[in-house]
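Working notes, structure below.
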2 protein chains.
Amino acid sequence: MARKSAAPQRRTDQLSRDTIVAAAIDLLDASGEDGLTFRALSERLSTGAGAIYWHIANKNELLTAACDALIARTLTMSATAATPEDTIRALALNLFDAIDAHPWVGSALARALGQMPMVRILESLGRPIRDLGVPARDQWTTVGALLNYILGVGGRNAANGQLARTQGLDRSDFLETVSAAWSGLDPVAFPFARGLAAQVRTHDDREDFLAGIDLILRGIAAPRPRRRG
Amino acid sequence: MARKSAAPQRRTDQLSRDTIVAAAIDLLDASGEDGLTFRALSERLSTGAGAIYWHIANKNELLTAACDALIARTLTMSATAATPEDTIRALALNLFDAIDAHPWVGSALARALGQMPMVRILESLGRPIRDLGVPARDQWTTVGALLNYILGVGGRNAANGQLARTQGLDRSDFLETVSAAWSGLDPVAFPFARGLAAQVRTHDDREDFLAGIDLILRGIAAPRPRRRG
DNA sequence: ACCTGAACACCGTTCAAGT
DNA sequence: ACCTGAACACCGTTCAAGT
């Protein structure tokens, strides 16, 4: 008697939230944000599509959980350095590298507002800021500035990764395209952007990111005006 | 003779890219990112679903075009102020307000990398930075820091707007939830985040955003170390 | 040249039915 | 308690056929 299609192997052990999240991370790393579907996930887990919903509420929760697992891993890696500044620099770089290696984390973070991954980052960033001597009333603004800068870069990295995947361009191809487009801009309407075309081609993302962190650190160290005293 | 359903009125004038983009903006404003579908759009334009593809390549291009129209509008609004600092502040605030009023712009911008909306912002931000006396070799880093901070805040705003829409929470409800969750954090593992709970409830997004801009401006003004002389 | 609208190949999510 | 997998209500995009 002929069967319509090969019966899929079903797993014998129980599914768990952690197993699902781990599989989701594999899928996201392998095929990007669009690659994470409940169908692909259930196939990889040798289970039915609906089974996942017993352990996780919906796709958004799954994405946040995957993001949190990765962020937690990244942050525990970041030991305390010699100075608060160095701690912040090291932490920021670890986050940059994590988002660079897993672009989907960049956009997942943006959606995970008051939730765990954000809280973890806030906490890790907050301690060295406190140690820097930033007064309590300025801590929220300060951590916010650093966090938003980091998330901004992360979002751009995520977009880069997504673009590279869908267009099949590698990094230097992409930069070449942007640089060429910018050199072609109207010199009257866009003098500044036009002048940037050369720098776009040769810049180092990681170095620029760190330079931005240093700029913000200088801003934190600089005395606030209108204090009179 | 009974018809299956009311035959839709079809438009008599020609469709154009601008008409489509304008309708897309209306739809995005009215029902958020998820509200923009080719079916909803074609209904609003009294045309067939496939007709839009004659004028616009795909959804991504449509989103970028909508974003660009709004950004162009926002930037021409931003006149030059008394000082470069004030010009940057005014520009940043205009962008903040635009993203606040149209949250979808926040996430659309992240995806519009080397394209027009980004170039426009870069250009508007770049001139006052040049006027500030930032040397050519630091201009890319400087404009990048400001841009990424602004985009980071924009991304967060976009997420806020999306959340408010889907959960049906208003701003203060949402902040209340976050604040409550943070007060409940483990005081040993998360002392800093816990201490922020109170500030979360009462803070002013717009003011904090501007404080971050000021912090970065101080960083730009601060002398760079390791110059020796 | 421009538009129609059915069709295709997908989605996330639900839920009766099974064990 | 946990899982199955068909079914539902959608998507973006394509394309033969019309004008």
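By convention in this document, chain letters (A, B, ...) are assigned in the order of the sequence lines, proteins followed by strands, and residues within each chain are numbered from 1.
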Inset, instruction - Can you tell me the distance, in whole Å, between the CD atom of A:Glu61 and the C1' atom of C:dT13? - result: 14 Å
Legend entry - Between P of C:dG12 and CG of A:Leu63, the distance in whole Å: 11 Å
Legend entry - Distance-minimising heavy-atom pair for A:Ser183 and A:Ala197: OG-CB, 3.6 Å
Inset, instruction - Look at all strands and tell whether A:Ile52 reaches a base, only sugar-phosphate, or nothing, counting heavy atoms closer than 4.0 Å. - result: nothing
Inset, instruction - Mark yes when over 12 heavy atoms from residues, nucleotides or ligands other than B:Gln139 sit less than 6.0 Å from its CD; otherwise mark no. - result: yes
Legend entry - Distance in angstrom units between A:Arg11 CZ and D:dC2 P, rounded: 14 Å
Inset, instruction - Mind checking B:Leu41 for me? I need base, sugar-phosphate or nothing, with any heavy atom below 4.0 Å counting as a touch. - result: nothing
Legend entry - Side chain of A:Tyr53 - closest among C:dT14, C:dC2, D:dT13: C:dT14
Legend entry - Rounded interatomic separation in angstrom, taking CG from B:Leu45 and C1' from C:dC2: 15 Å
Legend entry - Residue B:Leu15, side-chain heavy atoms: nucleotide from C:dC3, D:dC3, C:dG12 that is nearest: C:dC3
Legend entry - Euclidean distance, atom CZ of residue B:Arg39 to atom C1' of D:dA9 [Å, nearest integer]: 11 Å
Inset, instruction - Step through it carefully: locate the ring centre of B:Phe209, locate the ring centre of B:Phe96, and say whether they are under 6.0 Å apart. - result: yes
Inset, instruction - Using whole Å, report how far CG of A:Asp34 lies from P of C:dG12. - result: 10 Å
Legend entry - Per A:Thr37 side chain, nearest of listed nucleotides C:dC3, D:dG12, C:dG12: C:dG12
Legend entry - Between C:dC3 (C1') and B:Ile56 (CD1): distance, integer Å: 15 Å
Legend entry - Any A:Arg10 side-chain N or O less than 4.0 Å from OP1/OP2 of D:dG5: yes
Inset, instruction - On the 0 to 90° scale, with breaks at 30° and 60°, tag the A:His203-B:Trp140 ring pair as parallel, tilted or perpendicular. - result: tilted
Inset, instruction - Determine: side-chain N/O of A:Trp54 to OP1/OP2 of D:dC2, distance under 4.0 Å, yes or no. - result: yes
Legend entry - Interatomic distance where CZ belongs to B:Arg17 and P belongs to C:dC2 [whole Å]: 14 Å
Inset, instruction - Go ahead and name the base partner of C:dA1; Watson-Crick or wobble counts if both distances stay under 3.5 Å, otherwise write none. - result: D:dT19
Inset, instruction - Write down the partner of C:dA7 under the Watson-Crick or G-U wobble criteria, each distance required to be under 3.5 Å. - result: D:dT13
Inset, instruction - Can you establish whether the number of heavy atoms outside A:Glu43 located under 6.0 Å from its atom CD is more than 12? - result: no
